[in-house]
Colleague: 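One structure coming up, written as structure tokens, with questions to follow.
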Amino acid sequence: MNAPAFQAKDFKSDLKPIWCPGCGDFGVLQGLYRALAAIGRPPHEIAFISGIGCSSRIPGYTTAYGFNSVHGRSLPIAQGVKLANPDLLVVVAGGDGDGFSIGGGHVAHAIRRNTDLTYLVMDNQVYGLTKGQLSPTAPRGLQTVTSPLGSLEEPINPLLYVLAYGAGFVAQATPADMPGMTALIEEAIRYPGFSFVNIQSPCVTFGEDDQQLKAHKAKMKTLASLGHDSANQLKAMDLARAYGTELYTGVFYRNPNPPPTYDALIRLRQAEQSKKAVPRNRILDAYLQK
Amino acid sequence: MTTRGIDYDRLTLKDAFDLAILVEEEARDRYEELAAQLTLHHTPAAAGFFTKMTGIEEKHRQQLQVEREKKFGSEPRSIQVELLYDIEAPGYDEVRAFMSLGDALRTALASEVKAHAFFTEAVRNVKDPDAKALFSELCEEELEHQALVKAELAKLDPTPNGNPNDYSDDPVAL
Ligand SMILES: Cc1ncc(C[n+]2csc(CCOP(=O)(O)OP(=O)(O)O)c2C)c(N)n1
Ligand code: SF4
Ligand SMILES: [Mg+2]
């Protein structure tokens, strides 16, 4: 057997994570290193794009290209990166606040364009970095520094949200099941098109006790054990409705016939248009003829 | 602890060495990471103990590596255990900023117990007699390690020194 081209440690940078000891993001990062080793692409062919938040620090902890950008703007930047260099493997990482609060408007457009990238959301139902404010995925009634009497809002359901906009690959994972999570990250990266993994990654400092990894271990159920057929989009939506009450892990939906990606269509269009290209000194003529 | 992907029916002595080396390697790297986390988060006693554990796990790894080389030279590894997780390494959620030295010792003890359970299971499942003998030896060693950690724990003042969940040392927002 040939030795694998890359090992997990090849993707680990020298920068030491400053996350709180015990944070769920450590497990996610470790799973990500191993998933990348399994994919086998060298670090210089990979770009990590993030917004702002504890989870958004991930690009700095990898040896791949990285851009720890602006709060909520990881997806527009990632799409630009992919279009500028379609050969790059683009992974977007961030938090529930970054992705579904300030950046929520971008998710729909990234999905409907079907740009070939993987979006990993570390969902801890809280704003970790800014010290425990209410996040859009926090359950109704949650008391936080910005909802001291309990939240009056219904949470966003990230799974249903992305399924409703037609994402081709939708999964949920938790670092309470490291091999399961690693395999899902790998599968999402390999999916040709927009792929989304909601990773329940506990915040030990501001998160709730029933959202910690020990609680996950007790309550998680794999979709495979329920006999779920991941090609069934309607059933996936039905199961996704249990977000916040059940902890289902695995692939909710995988489009069995992935449509062409935006980046592939752009390349085709560029090839078509470049045939019609006129020399620079005749560009003006092309307009004057009309 | 997860061990998806290990085929005990076909596991040879060389594979058993490689598996044990990987287990030690993972534990070494994890203790190193945890020590770095706790150093950064002002928890020097626990960090110091995890640094000591890093050295111990590395020593075990080297001993196994020497034995493996004596028997199999530099023959390449043929097991695929990418999905082997947390056998002797403490889980990431086992540590907290400001955890006491006692808690750090208890974390390591729990990991030695996990490792013992893993090798006991391996002895039960593996078919190759030489591999079985190696796993039995490792089982014994894990019991010795447990005894060492318990002895360290016995030396500590048993008065509980607070719940680390009452304090935090979270990252600063940018
Ligand atoms: C435009 C802008 N608004 C607000 C902030 C402050 N801010 C930084 S991170 C963050 C939320 C982080 O929460 P989340 O995305 O869930 O990440 P986590 O820290 O929980 O991983 C906020 C509101 C900012 N940096 N920029
Ligand atoms: S504040 Fe929460 S999310 Fe941020 S590093 Fe600490 S535990 Fe992790
Ligand atoms: Mg968050």
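Please read all numbers here as calculations on a predicted model, not as lab measurements. Throughout, protein chains are lettered first and strands after them, A, B, ... in sequence-line order, and every chain is numbered starting at 1.
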Colleague: List in chain and number order the residues that pass side chain to side chain contact (heavy atoms under 4.5 Å, CB included) with A:Glu246, two or more places apart in sequence or in another chain; answer none if no residue qualifies.
Modeller: A:Lys221, A:Ala242, A:Tyr248

Colleague: For B:Asp170, is it the side chain, the backbone, both or neither that has a heavy atom under 4.5 Å from a heavy atom of chain A?
Modeller: both

Colleague: What pairs with B:Glu152 under salt bridge (charged side-chain N to carboxylate O under 4.0 Å, His left out), at least two apart in sequence or on another chain?
Modeller: B:Lys155

Colleague: What parts of residues 202-210 of chain A touch chain B if we use heavy atoms and a cut-off under 4.5 Å?
Modeller: A:Val204, A:Thr205, A:Phe206

Colleague: Relative to A:Phe26, does B:Arg30 satisfy both conditions: NZ or CZ under 6.0 angstrom from the six-membered ring centre, and within 45 degrees of the ring's axis?
Modeller: no

Colleague: Under 6.0 Å from the NZ atom of A:Lys217, do we count more than 12 heavy atoms belonging to anything else shown?
Modeller: yes

Colleague: I'd like to know which of A:Lys214, A:Gln212, A:Lys9, A:Lys16 tops the heavy-atom pair count under 4.5 Å against chain B.
Modeller: A:Lys214

Colleague: Over all heavy atoms of both residues, which pair between A:Trp19 and B:Pro171 is shortest? Give the atoms and the distance, please.
Modeller: CA-CG, 4.2 Å

Colleague: Side chain, backbone, both or neither: which part of A:Pro17 has a heavy atom under 4.5 Å from chain B?
Modeller: backbone

Colleague: Rounded to the nearest 0.5 Å, what's the gap from CD on A:Gln30 to CG on B:Asp86? Could you check?
Modeller: 8.5 Å

Colleague: Pick one of side chain, backbone, both or neither for B:Glu25, based on which atoms fall under 4.5 Å of a heavy atom in chain A.
Modeller: neither

Colleague: To the nearest 0.5 Å, tell me how far B:Asp93 CG sits from A:Cys23 SG.
Modeller: 11.0 Å

Colleague: Just checking heavy atoms, which of residues 35-49 of chain B are less than 4.5 Å from chain A?
Modeller: B:Ala36, B:Gln37, B:Leu38, B:Leu40, B:His41

Colleague: Roughly how far, to the nearest 0.5 Å, is the OH atom of B:Tyr85 from the OG1 atom of A:Thr182?
Modeller: 2.5 Å

